[in-house]
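The structure appears below as structure tokens.
Keep in mind that what you see is a predicted model, and the values were worked out from it rather than measured.
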Amino acid sequence: GVLVRGLDRTSLDSLEQLLLESDFGVGPTLRIIDTLTAEGKKGNLHGEDDLRELFRRELRKVFEPAAGKTGLSLAASGPTVILMVGVNGVGKTTTIAKLARYFQSRGKRVLLAAGDTFRAGAIEQLERWAERLGCELIKQQPGSDPAAVAYDAVSAALSRKADILILDTAGRLHTQGGLMEELVKMKRVIGKRMDGAPHEVLLVLDSTLGQNSASQARVFHEKLGVTGLVLAKLDGTSKAGCAVAITEQLGLPIKFAGVGETLEDLEEFDLERYVDKILS
Amino acid sequence: ELSEKLESVIKRISGRVVLNEQTVAESLREIRRVLLEADVNYGLVQDFLKAVEEKATGREVIKSVSPGQMMVKIVYDELTGMLGGSSRPLIYAAGQLSVFMLCGLQGSGKTTTAGKLARRLKAEGRKPMLVAADIYRPAAIEQLATLGAQLEVPTFVPRDTGRPVTGITADALMEAASQGLDTVLIDTAGRLQIDREMMEELVEVKKAVSPQEVLLVVDGMTGQEAVSIAEAFHRELELTGLVLTKLDGDARGGAALSIFGVTGVPIKLIGVGEGLDALETFHPDRMVSRLLQ
Ligand SMILES: Nc1nc2c(ncn2[C@@H]2O[C@H](COP(=O)(O)OP(=O)(O)OP(=O)(O)O)[C@@H](O)[C@H]2O)c(=O)[nH]1
Ligand SMILES: Nc1nc2c(ncn2[C@@H]2O[C@H](COP(=O)(O)OP(=O)(O)OP(=O)(O)O)[C@@H](O)[C@H]2O)c(=O)[nH]1
Ligand SMILES: [Mg+2]
Ligand SMILES: [Mg+2]
């Protein structure tokens with residue numbers, strides 16, 4: 001390969017391929033490679049390790065603005081209300097169970113709400129988790145209005161003095177206008193019942209998905225004001241590279257990573273581990 | 001309905017008589033971007049661009065067509081060629097029980113697809129049975145049983161979820177035979193292709209039931225790992241077909257081209273909604289338009 005002042009063109013090409021194969025997307029990949037090539041021309045790169053270190057620094061820059069917001073916003077008083085949203089099958093319901101365990105292990109009293117009143121077995125699925133957690137669950141009949149469940153749940157959280165309320169919602173594609181409006185209504189009803197609620201709107205993204213995750217994030221954020229992301233299924237071989245474009249474009253903080261199917265498989269998002277995975 | 005990028009390819013190289021190397025190279029860069037943004041496998045895109053370059057360089061442009069339009073036509077034709085023959089019908093056993101096995105990653109749409117298949121088979125005059133072989137996910141059995149009840153299709157439910165899945169599926173086949181049914185649809189648990197034990201479970205199930213179809217259910221929005229995932233399942237199970245789900249959204253569906261292009265596993269069906277009627281045959285020409293939009 002042609003030497004760019006101590007750095008092999010082949011190394012840059014390999015890194016470009018690695019990023020594209022990690023679902024980074026063409027735009028972010030080209031920008032990063034251009035930046036690294038410019039550094040190489042200035043003589044700031046003397047081999048593979050320098051390249052990796054500089055890449056890491058570039059990613060840190062991308063994630064810097066959102067870094068301060070990765071904690072969960074707790075309510076000043078009363079229950080903290082968390083709304084879990086995302087497209088079909090990404091891991092919302094399982095993430096809710098893991099998050100409930102996360103809070104319980106910190107001494108918080110958690111209430112769950114079965115806001116997916118549509119899908120077969122959805123309420124049963126959350127019921128099973130609630131039993132395992134020893135957690136109370138607010139639910140209604142299948143087919144009932146999710147906003148009604150949400151209203152009930154917030155009332156219950158207030159009267160029972162729960163510390164945390166987590167609401168499940170049905171999966172929906174961001175292209176389904178009517179279903180997105182259903183979520184907007186659910187959020188509005190929650191806010192009517194309790195000022196300032198929901199305190200968190202968490203969008204769950206499936207790490208296995210490609211460029212569509214960026215569209216999902218954009219639309220869910222436009223409609224609802226997403227406060228944080230969960231990267232689920234990060235224990236798979238996919239590297240969730242689209243999280244970089246989402247962070248660049250929307251500045252949404254990644255709050256958690258889902259790394260398996262059990263209650264213990266939730267981690268606070270760690271940027272260095274994320275970069276390690278990309279470079280592995 | 002072509003992407004802005006391809007339109008700009010057409011504009012930029014208009015007014016030239018022959019597709020020379022520079023013209024082709026510029027266009028290839030844009031086409032590469034379009035395909036990568038459509039989640040088409042990186043390696044496959046490289047091979048594809050080489051094939052297009054060979055077809056394009058030095059060709060004389062037809063009088064009535066602009067060089068840009070010709071370039072895009074070459075891309076269209078190449079993609080159509082690659083996806084040609086990718087759609088295949090389901091395989092049934094003649095004169096005995098047909099068994100279809102559904103497998104794939106977590107959340108890809110297996111259980112819903114099992115329901116959709118049951119509905120389709122019933123509408124075709126067949127007598128299907130659904131088998132709930134996911135003993136791990138909370139209320140997975142209930143989910144499938146609910147779909148079976150909605151469709152009035154018998155659902156085999158494990159009496160004891162402590163037993164291995166192979167025993168459950170073997171029992172299900174006997175039950176289907178005794179009820180005079182003709183098609184068994186086995187819904188399995190989602191799993192990672194790198195989970196040795198869980199992949200081994202699928203191999204054992206296949207041995208136990210000798211299926212006519214081993215269908216990999218893949219989320220239509222899957223990114224660059226699509227080929228690696230499919231190859232692992234194919235290596236262990238010898239897949240007979242693919243089902244791509246959630247294509248009712250705006251995902252470009254590059255996983256379809258990637259998996260078929262690299263493994264040759266045919267695409268049997270696509271999922272286009274959550275309803276049990278939302279199952280369609282795969283149309284390669286529609287996929288090509290979708291990829292290039
Ligand atoms: N390996 C792995 N699997 C996960 C993870 N999170 C969820 N899953 C699995 O993904 C599948 C779907 O999870 P759900 O929680 O039902 O997803 P959902 O978003 O609620 O799905 P819908 O409500 O149908 O839209 C299940 O099999 C989960 O066990 C994760 O972090 N890692
Ligand atoms: N929009 C849309 N949603 C779909 C389609 N197929 C399945 N779904 C939805 O995707 C989600 C996951 O579907 P499941 O059938 O539970 O997926 P699964 O593969 O069985 O999940 P696991 O058993 O946990 O691995 C559900 O919300 C389904 O309704 C489809 O073609 N279009
Ligand atoms: Mg759910
Ligand atoms: Mg399932």
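- Within the 4.5 Å cutoff, no side-chain heavy atoms of B/Lys246 are placed close to those of A/Leu209.
- Between chain B and the options A/Leu173, A/Thr175, A/Val26, heavy-atom pairs under 4.5 Å are most frequent for A/Val26.
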Which atom pairs, donor and acceptor, lie under 3.5 Å between side-chain atoms of residues 136-146 of chain B and protein residues at least two apart or in another chain?
unit_1, atom_1, unit_2, atom_2, d
B/Tyr136, OH, B/Glu201, OE1, 2.3
B/Arg137, NH2, A/Gln125, OE1, 3.4
B/Arg137, NH2, B/Gln143, OE1, 3.3
B/Glu142, OE2, A/Arg128, NH2, 2.8
B/Thr146, OG1, B/Glu142, O, 2.7

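- Contact record, A/Lys233 with B/Gly107: NZ-CA, 4.1 Å, taken as the closest heavy-atom pair.
- A/Leu20 is listed as a side-chain neighbour of B/Leu36, based on a closest heavy-atom distance under 4.5 Å.
- Residue-level contacts of residues 82-96 of chain A with chain B, in order of numbering, are A/Val87, A/Asn88, A/Gly89; threshold 4.5 Å between heavy atoms.
- Ranked by non-hydrogen atom pairs under 4.5 Å with chain A, the options B/Asp250, B/Thr111, B/Leu147, B/Ile194 are led by B/Asp250.
- Using a 4.5 Å heavy-atom cutoff, the side chains of B/Arg33 and A/Leu30 are in contact.
- A donor-acceptor contact closer than 3.5 angstrom is absent between the side chains of B/Glu225 and A/Thr208.
- In this structure, the portion of B/Gln193 lying under 4.5 Å from any heavy atom of chain A is its side chain and not its backbone.
- At least one side-chain heavy atom of A/Gln176 sits under 4.5 Å from a side-chain heavy atom of B/Asp248.
- Looking at A/Glu261, the atoms closer than 4.5 Å to chain B (heavy atoms on both sides) all sit in the side chain, from C-beta outward.
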